[in-house]
Amino acid sequence: MTQKIFNSFAILSFFLALNSGMVSLAQNSLNHQVEELAQMDMEIPASETKVSEQFRPIEQPLELKIAVTLGGIGLIGLELWWFLFGKTKAAQAETKSDIQELTINVDGGYEPNRVIVKAGTPVRLQFFRRDASSCLEKVLLPDFHIAKDLELNHTTSVEFTPEQPGEYQFTCGMNMYRGVVVVKP
């Protein structure tokens, strides 16, 4: 996970540097053209001078540049924490009559959003939907070929038997809210 985040930051940095270099290159090219026209004693069109003035740099104090950069990095970090690490809640399914069972509250997401079960034993997930948003009307477990509609203020059972250990994702109908079923041997 941290490797993916690092790669994303590296790609973002590359494109920002590339964009900055392109603006600088465009500015230098226009300034060079204006200088050549001035050396040849040619009249400089008004449009050329306006374009070159458009790219005039505005100097800012170093402290302000550092503060803005650190603020941006802090906000990116907060967003990553919120969406990737902030809301993970795990729960072990309880075995009742040879069926592993757990209730998942559907209210602005799934709680718990990480379900731990054992391989080879049937699983019953009870989805209790409290959120009226249309995104959470359906739950999808693509690895088990399950798509169930969730009625508001009702419990909907989803049953399957995981045979292989691993992590299997479940999502809302729009793939915005996610959870994972962790199958242990």
Side-chain angles (χ1 to χ4, degrees), residues 1-20 66-185:
M1 180 62 79
T2 56
Q3 185 65 30
K4 288 182 183 179
I5 293 170
F6 178 76
N7 290 343
S8 298
F9 275 126
I11 291 170
L12 178 64
S13 299
F14 172 75
F15 282 115
L16 288 175
L18 183 66
N19 187 30
S20 175
I66 291 171
V68 169
T69 301
L70 291 176
I73 290 171
L75 289 173
I76 290 170
L78 181 65
E79 184 176 338
L80 286 172
W81 172 80
W82 178 261
F83 286 106
L84 297 179
F85 308 113
K87 298 190 227 176
T88 302
K89 294 187 178 153
Q92 175 84 34
E94 295 178 18
T95 303
K96 298 177 184 175
S97 304
D98 295 331
I99 295 179
Q100 301 176 83
E101 193 171 320
L102 183 71
T103 299
I104 298 175
N105 290 314
V106 182
D107 191 7
Y110 300 107
E111 191 175 320
N113 59 0
R114 192 168 181 83
V115 178
I116 302 168
V117 298
K118 295 176 189 168
T121 306
V123 175
R124 179 183 299 137
L125 298 179
Q126 305 278 14
F127 289 90
F128 182 71
R129 179 173 165 227
R130 295 180 187 178
D131 192 330
S133 72
S134 61
C135 181
L136 293 166
E137 288 179 345
K138 184 176 282 218
V139 66
L140 306 172
L141 287 98
D143 294 315
F144 300 104
H145 306 289
I146 296 173
K148 286 271 191 157
D149 291 325
L150 304 178
E151 290 185 44
L152 187 60
N153 296 321
H154 284 86
T155 300
T156 304
S157 294
V158 175
E159 296 182 13
F160 57 96
T161 303
E163 299 296 334
Q164 298 295 321
E167 292 190 1
Y168 302 96
Q169 194 172 54
F170 59 91
T171 67
C172 68
M174 295 179 185
N175 203 20
M176 291 174 59
Y177 297 102
R178 296 183 179 105
V180 86
V181 176
V182 179
V183 180
K184 303 252 178 174

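With Asp107 contributing its side chain and Arg130 its backbone, the two residues share no donor-acceptor pair below 3.5 Å. Although no hydrogens or angles enter the test, the distance criterion places a donor-acceptor pair under 3.5 Å between the side chain of Arg129 and the main chain of Leu150. One N or O on the side chain of Gln100 and one on the backbone of Lys118 form a donor-acceptor pair closer than 3.5 Å.
Within the structure, salt bridge (charged side-chain N to carboxylate O under 4.0 Å, His left out) pairs that include any residue of residues 162-185 comprise Arg114-Glu167 (at least two apart or interchain).
In this structure, the side chains of Val115 and Ile104 come closer than 4.5 Å at one or more pairs of heavy atoms. In this structure the side chain of Leu141 reaches within 4.5 angstrom of the side chain of Phe160, judged on heavy atoms. Using a 4.5 Å cut-off on side-chain heavy atoms (C-beta onward), Pro112 and Leu102 make contact.
Between Ile146 and Lys148, the shortest heavy-atom contact is CG2-CG, 4.0 Å. Looking at every heavy atom in both residues, Ala119 comes nearest to Pro185 through CB-CA, 4.4 Å. When every heavy atom of Asp98 is checked against every heavy atom of Pro122, the shortest pair comes out as O-CD, 3.6 Å. Scanning both residues, Leu140 and Ala147, for their nearest heavy atoms gives CD2-CB, 3.5 Å. Pairing each heavy atom of Val181 with each of Phe170, the nearest pair is CG2-CD2, 3.8 Å. Scanning both residues, Ile99 and Arg124, for their nearest heavy atoms gives CD1-NH2, 3.2 Å.
Here the OG-CD distance, from Ser157 to Gln126, works out to 3.5 Å after rounding to the nearest 0.5 Å. Taking OH from Tyr177 and CG from Leu136, the interatomic distance works out to 6.0 Å, rounded to the nearest 0.5 Å. One finds the CG atom of Asn153 at 10.5 Å from the CG atom of Asp131 (value rounded to the nearest 0.5 Å). Taken from CG in Asn105 to OG1 in Thr103, the straight-line distance is 7.5 Å, to the nearest 0.5 Å.
Surrounding CD of Glu159 are more than 12 heavy atoms belonging to other residues, nucleotides or ligands, all under 6.0 Å away.
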* Please step through side-chain contact (heavy atoms from CB on, under 4.5 Å) for the pair Phe128 and Val106, ending with a clear verdict. => CA-CA 6 Å; Phe128 182 71; Val106 182; over 6 Å; no
* Carefully, step by step, assess Ser134 and Met174 under the rule side-chain contact (heavy atoms from CB on, under 4.5 Å). => CA-CA 9 Å; Ser134 61; Met174 295 179 185; 3.8 Å; yes
* Just do the side-chain contact (heavy atoms from CB on, under 4.5 Å) check on Leu78 and Ile76 with the steps written out, would you? => CA-CA 5 Å; Leu78 181 65; Ile76 290 170; over 6 Å; no
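Using a 30° and 60° split on the angle between ring planes, Tyr110 and Phe127 fall in the perpendicular class, above 60°.
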